[in-house]
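Hydrogens, waters and symmetry mates play no part in the numbers below; they use all other heavy atoms, side chains included.
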Amino acid sequence: MPINEYFQNQAISMIKVYVGPEQRLWNLPTDLLFERIDTFRAMFQETVVEGESKGNWLRDDDPDAFAKLVDWLFLGHLSCGCTQNPTVKQPPGHSSVWCKLSVLADKLGLTDLSYEAGELYECCLPSDNLPYPNPDDIKYAYENTAENSLMRNKLEDLALDPILEASSLNRAITDHWVECMGSNTEFAKGVAWKLSEHLRLLKRGCDRINCIAHRSQRK
């Protein structure tokens with residue numbers, strides 16, 4: 001249903017959603033929320049009474065990530081200022097909200113949104129050569145997602161890239177990589193497994209131009 005049609009009903013039902021420990025409040029059209037996100041229908045349907053709702057509290061979720069989810073509900077897509085205008089300086093750590101949105105979307109069963117948020121996370125990471133993840137984002141993702149989630153996979157790939165790309169290696173990146181490895185045991189295991197898998201590839205199976213594992217085989 002087009003977004004405008006949700007607001008044409010004079011008896012429109014709104015639902016209150018509180019998010020995070022600080023209980024930040026959103027008032028959202030019930031039909032829109034329930035039609036677009038089945039998980040919310042299951043979570044909140046019993047609280048909806050006569051066109052209004054009791055409070056629904058997402059205690060453990062991130063309010064900034066939920067704000068991006070609301071934007072997506074109304075706009076149908078995600079966007080970030082740094083991808084639209086790379087010359088505008090963004091606040092430190094602004095990429096973290098996309099990690100948290102990917103985690104939230106994964107929790108809600110919104111696979112496409114989780115993937116899109118993960119791609120924006122990579123685009124928004126600061127880096128002189130290759131992007132690499134923030135240790136705090138690694139901790140958050142691994143504490144709030146199940147094994148094989150999209151965000152876990154994205155973070156492991158991002159940690160692997162600087163190590164395999166010979167042209168990107170420097171002391172700062174190496175030190176940061178070590179910090180990432182120490183941030184979560186399951187993350188470190190996932191990266192180690194992917195590194196082991198890549199090292200077993202034949203050169204024709206590697207598409208990395210500067211891969212330190214296969215560079216000599218290309219000569």
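Here Lys194 does not pair with Glu197 in a salt bridge; the nearest charged N to carboxylate O distance is not below 4.0 Å. The pair Arg24-Asp64 meets the salt-bridge criterion, with a side-chain N (NZ, NE, NH1 or NH2) lying under 4.0 Å from an Asp/Glu carboxylate O.
Across Asp38 and Glu35, no two heavy atoms sit closer than the pair OD1-O, 4.4 Å. For Ala159 against Pro133, the heavy-atom pair with the smallest separation is N-CD, 3.9 Å. Heavy atoms only, all atoms of each residue included: Tyr18 and Gln23 are closest at CD2-O, 3.5 Å. Of all heavy-atom pairs between Leu155 and Asp137, the closest is CD1-O, 4.1 Å. Across all non-hydrogen atoms, the minimal contact from Cys180 to Ser183 is O-OG, 2.6 Å. Of all heavy-atom pairs between Ser95 and Tyr121, the closest is O-CD1, 3.1 Å.
Distance check, rounded to the nearest 0.5 Å: CZ of Phe187 to CD of Glu156 gives 6.5 Å. Rounding to the nearest 0.5 Å places CZ of Arg152 at 11.5 Å from CD1 of Ile138. Between the CE atom in Met151 and the OG atom in Ser114 there is a gap of 8.0 Å [rounded to 0.5 Å]. Within the model, atoms CZ of Phe66 and NZ of Lys100 stand 15.5 Å from one another, a figure rounded to the nearest 0.5 Å. To the nearest 0.5 Å, the span separating CG on Asn56 from CH2 on Trp26 amounts to 13.5 Å. How far CZ of Arg41 is from OG1 of Thr30: 10.5 Å, rounded to the nearest 0.5 Å.
The one candidate from Asp62, Ile37, Leu78, Asp61 that meets the side chain to side chain contact (heavy atoms under 4.5 Å, CB included) condition with Leu69 is Ile37.
A donor-acceptor contact shorter than 3.5 Å links the side chain of Trp57 to the backbone of Gly20.
Each of Trp193 and Leu158 belongs to its own hydrophobic cluster when Ile, Leu, Val, Met, Phe, Trp and Tyr are linked at side-chain heavy-atom distances under 4.5 angstrom. Taking hydrophobic clusters as Ile, Leu, Val, Met, Phe, Trp and Tyr residues chained together by side-chain heavy-atom distances below 4.5 Å, Leu110 shares a cluster with Leu120. In the hydrophobic cluster analysis, where Ile, Leu, Val, Met, Phe, Trp and Tyr join through side-chain heavy atoms closer than 4.5 angstrom, Leu150 is grouped apart from Tyr140. Following chains of ILVMFWY side-chain contacts shorter than 4.5 Å, one can reach Leu108 starting from Leu33, so the two form part of one hydrophobic cluster. Both Met181 and Leu125 sit in one connected hydrophobic cluster of ILVMFWY residues. Membership requires side-chain heavy atoms under 4.5 Å apart, directly or through other members.
Counting heavy atoms from C-beta outward, Leu28 and Phe74 have side chains that approach closer than 4.5 Å. By the 4.5 Å heavy-atom criterion applied to side chains, Pro21 and Arg59 are not counted as neighbours. Between Glu186 and Glu147, the closest side-chain pair of non-hydrogen atoms is not below 4.5 Å. In this structure, Ser102 and Lys154 have side chains that are not in contact, with every pair of non-hydrogen atoms separated by 4.5 Å or more. With contacts defined as side-chain heavy-atom distances shorter than 4.5 Å, the pair Leu104/Lys68 does not qualify.
In this structure, Tyr132 and His176 have tilted ring planes: the angle between them lies in the 30° to 60° band.
Remark: Asp112 CG is loosely packed, at most 12 non-hydrogen atoms of other residues, nucleotides or ligands lying under 6.0 Å away.
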Under the side chain to side chain contact (heavy atoms under 4.5 Å, CB included) rule, what do Val17 and Phe40 come out as? Steps first, then yes or no, please.
-> CA-CA 10 Å; Val17 182; Phe40 280 154; 5.7 Å; no

